[in-house]
2 protein chains.
Amino acid sequence: MSDEPHFLIEEKEKTSDQGKLTLASGEATLEPLELGKRVKEIRLSQNLTLEEASKRTGLARSTLSKIENEQISPTFAAVQKLVQGLGIDIPQLFAKPTEQRAQASGRRDITRLGEGKPHPTPTYEHELLATQLSQKKMIPYRTRVCAHSFSEYQDWVRHDGEEFLFVLSGSVQLYTEFYEPVELHSGDSAYYDCDMGHALVSTSEEDAVVLWVTA
Amino acid sequence: MSDEPHFLIEEKEKTSDQGKLTLASGEATLEPLELGKRVKEIRLSQNLTLEEASKRTGLARSTLSKIENEQISPTFAAVQKLVQGLGIDIPQLFAKPTEQRAQASGRRDITRLGEGKPHPTPTYEHELLATQLSQKKMIPYRTRVCAHSFSEYQDWVRHDGEEFLFVLSGSVQLYTEFYEPVELHSGDSAYYDCDMGHALVSTSEEDAVVLWVTA
DNA sequence: AACAAATATTTCCTATAGGAAACTTCGTAC
DNA sequence: GTACGAAGTTTCCTATAGGAAATATTTGTT
């Protein structure tokens, strides 16, 4: 069963590559810039004086001042004190303010019933939803479960991420590697880690239809 | 309208706090550990010698050696050279190898129809799904849309993340800040950025029921 | 086993980060 | 205006990071 989740994986890799790219290009601009400014922004946003920040981080006022004015390149140890003392999280620190806004906002995509992008496989007929949007955290799709027996799969489906499953019509048997199979009826749902083997078969007369969201 | 998404936001904050906590605790153990080991792992995983790594990063062999053996705490500038030269991405560097595996796997949670955790508000009746799992990327819930007019909201719903919406029964009007309202019927779906104001009202006689997943 | 080649570590020196205290700057009260 | 306090910057000194070269260690070869 290498049928189903390929398109998912591609999509995910695209996403993470993006992240790296953004960062690499940040570096490429010969980087010394930014760090000090960022620290200062963060400190001010918390309404701290250098003195207070000094107490929290254990770094000297003067040192903080120099860091903020890019007069020195702080030691890794110093960065850690900063991070801990001011409650910064690392990506926040390394992302340039511009890039920080790079996460999309204000997008919207409507998909009418049956008008998603078809993606058939031997065991499932997927209909990808919201395909107009490319950089999204979740991948939703509506799926007709054609398989009616576990034997139609040669192996577990396995990929990374988490998956949410909701039964829209019919009933299915959800097989998962580390649990007993469980039967789900219309309206039931499941949430699981995708690196655990999983597979779905229809148990109702007609093919069951489910909604799947992976992230 | 401060009714709907509060629990979401809390949940999200919890998640990111977690990140911080993990890191903080890393700090708490008096941190010098790890960084060097991580760098060495990464370099070896790329089959590089110190000499080659030196060329790529522009740092001296000796310096690299000292960093790997935690004999010095590299300057921020040095860390950046490392990151760029070896194609490391920052979180990878800061996550302890143990914590890296900390992303859960092999979990599963089943929610039967109507057995989610109720969460009523003036305009929506949410039923949270998969509540047995705490550290998950997505938050799924099934919602009865009680509001039948936009005027029942005092303001846009707005929070961060992305949201996927699927209409299970009835029909709704989806209001979004930057788009014309759109009517969705059973089986239709929408995907949007949550920082854009949004709100939902039932347009069918009976209250519509929708499935929502946020990430 | 002994050597050579490749790789890693240590030493030693110079450049620079970090801290304490002196020095500015700016606002506010008197 | 002067005096004062609070915030930030600069100076000066010491500790330490970074680089070049010497030393040690490992690996492979005959």
Side-chain angles (χ1 to χ4, degrees), chain A residues 26-88 90 92-94 96-97, chain B residues 23-24 26-88 90 92-94 96-97:
Chain A
E27 251 54 285
T29 60
L30 242 293
E31 74 297 296
L33 302 165
E34 295 310 319
L35 177 75
K37 265 165 64 185
R38 300 263 38 241
V39 172
K40 187 162 194 171
E41 277 173 31
I42 292 168
R43 176 174 64 84
L44 292 178
S45 78
Q46 303 188 9
N47 278 89
L48 296 177
T49 81
L50 282 182
E51 180 60 35
E52 292 166 320
S54 165
K55 280 201 186 106
R56 299 203 189 185
T57 57
L59 293 167
R61 272 208 317 288
S62 54
T63 305
L64 290 172
S65 168
K66 290 176 206 165
I67 292 174
E68 291 189 352
N69 297 329
E70 332 255 40
Q71 293 178 15
I72 63 176
S73 170
T75 267
F76 180 74
V79 173
Q80 290 189 101
K81 287 184 187 171
L82 265 180
V83 162
Q84 171 167 22
L86 301 185
I88 306 172
I90 316 280
Q92 184 189 0
L93 229 189
F94 284 76
K96 308 173 77 176
Chain B
L23 210 123
E27 253 52 286
T29 60
L30 243 293
E31 75 299 294
L33 300 166
E34 295 312 319
L35 177 74
K37 264 166 64 187
R38 301 264 34 246
V39 172
K40 186 162 195 172
E41 277 172 30
I42 292 167
R43 176 175 63 84
L44 292 178
S45 79
Q46 304 188 4
N47 279 90
L48 297 176
T49 85
L50 282 182
E51 179 59 36
E52 292 166 321
S54 165
K55 278 202 188 105
R56 299 203 188 187
T57 58
L59 293 167
R61 277 206 316 285
S62 54
T63 305
L64 290 172
S65 169
K66 290 176 205 164
I67 290 174
E68 291 188 353
N69 297 329
E70 333 257 35
Q71 292 178 16
I72 64 176
S73 170
T75 266
F76 180 74
V79 173
Q80 288 188 105
K81 287 184 186 171
L82 265 180
V83 162
Q84 171 168 20
L86 301 185
I88 307 172
I90 315 281
Q92 183 190 1
L93 229 189
F94 284 77
K96 309 173 76 174

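This is a predicted model, so every value here is computed, not measured. So that the names make sense, note that chain A is the first sequence line, chain B the second, and so on, each numbered from 1.
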Practice task
May I have the distance from B:Leu64 (atom CG) to C:dT9 (atom C1'), rounded to whole angstrom?
Solution key: 12 Å

Practice task
Report the distance from atom NZ of A:Lys81 to atom P of C:dA17, rounded to the nearest whole Å.
Solution key: 16 Å

Practice task
Figure out the CZ/P separation between A:Phe76 and D:dG18, and round it to whole Å.
Solution key: 12 Å

Completion exercise
Between CD1 of B:Ile72 and P of C:dT11 the distance, given in whole Å, is 15 Å

Exercise for the section: Please check if the side chain of B:Ser54 supplies one atom and the backbone of B:Leu59 the other of a donor-acceptor pair under 3.5 Å. Expected result: yes

Handout entry: Phosphate OP1/OP2 of C:dA8 contacted by B:Asn69 side-chain N/O (<4.0 Å)
Key = no

Problem - Reported CG-to-CG distance for the pair B:Leu48 and B:Leu86, which is rounded to 0.5 angstrom - result: 6.5 Å

Exercise for the section: Measure from CD on A:Glu70 to P on D:dG8 and round the result to the nearest Å. Expected result: 17 Å

Completion exercise
Of the candidates C:dT11, D:dT9, D:dC12, the side chain of A:Lys40 sits closest to D:dT9

Problem - Selection from D:dA20, C:dT9, C:dA17 that lies nearest to any side-chain heavy atom of B:Lys66 - result: D:dA20

Practice task
Write down the atom of B:Ala53, the atom of B:Arg43, and the distance for their closest heavy-atom approach.
Solution key: CB-CD, 3.7 Å

Exercise for the section: Check the distance between C:dG18's P and A:Leu59's CG and give it to me in whole angstrom. Expected result: 7 Å

Problem - Earlier contact from the 5' end, DNA chain C, for B:Ser65 and A:Pro74 - result: B:Ser65

Problem - Length of the CZ-P vector between A:Arg61 and C:dA20, whole Å - result: 10 Å

Problem - Pair A:Glu52 + A:Lys55: basic N to acidic O under 4.0 Å - result: no

Practice task
Would you mind reading off the distance between B:Leu35 atom CG and D:dA17 atom C1', rounded to a whole angstrom?
Solution key: 14 Å

Exercise for the section: Measure the spacing between OG1 of A:Thr57 and CG of A:Leu50 and express it to the nearest 0.5 Å. Expected result: 9.5 Å

Fill in the blank from the handout: Checking D:dT9, C:dA17, C:dG19 against the side chain of B:Thr75 (C-beta onward), the nearest is C:dA17

Practice task
Using the closest heavy atom to pick a nucleotide of DNA chain C for each, name whichever of A:Gln71 or B:Leu50 lands nearer the 5' end.
Solution key: B:Leu50

Exercise for the section: Using only side-chain N and O atoms of A:Arg43, determine if any of them is under 4.0 Å from OP1 or OP2 of D:dG8. Expected result: yes

Practice task
Ignoring backbone atoms, test whether B:Thr63 places a side-chain nitrogen or oxygen under 4.0 Å from the OP1 or OP2 oxygen of D:dG18.
Solution key: no

Handout entry: OP1 or OP2 of C:dT10 under 4.0 Å from side-chain N/O of B:Ser62
Key = no

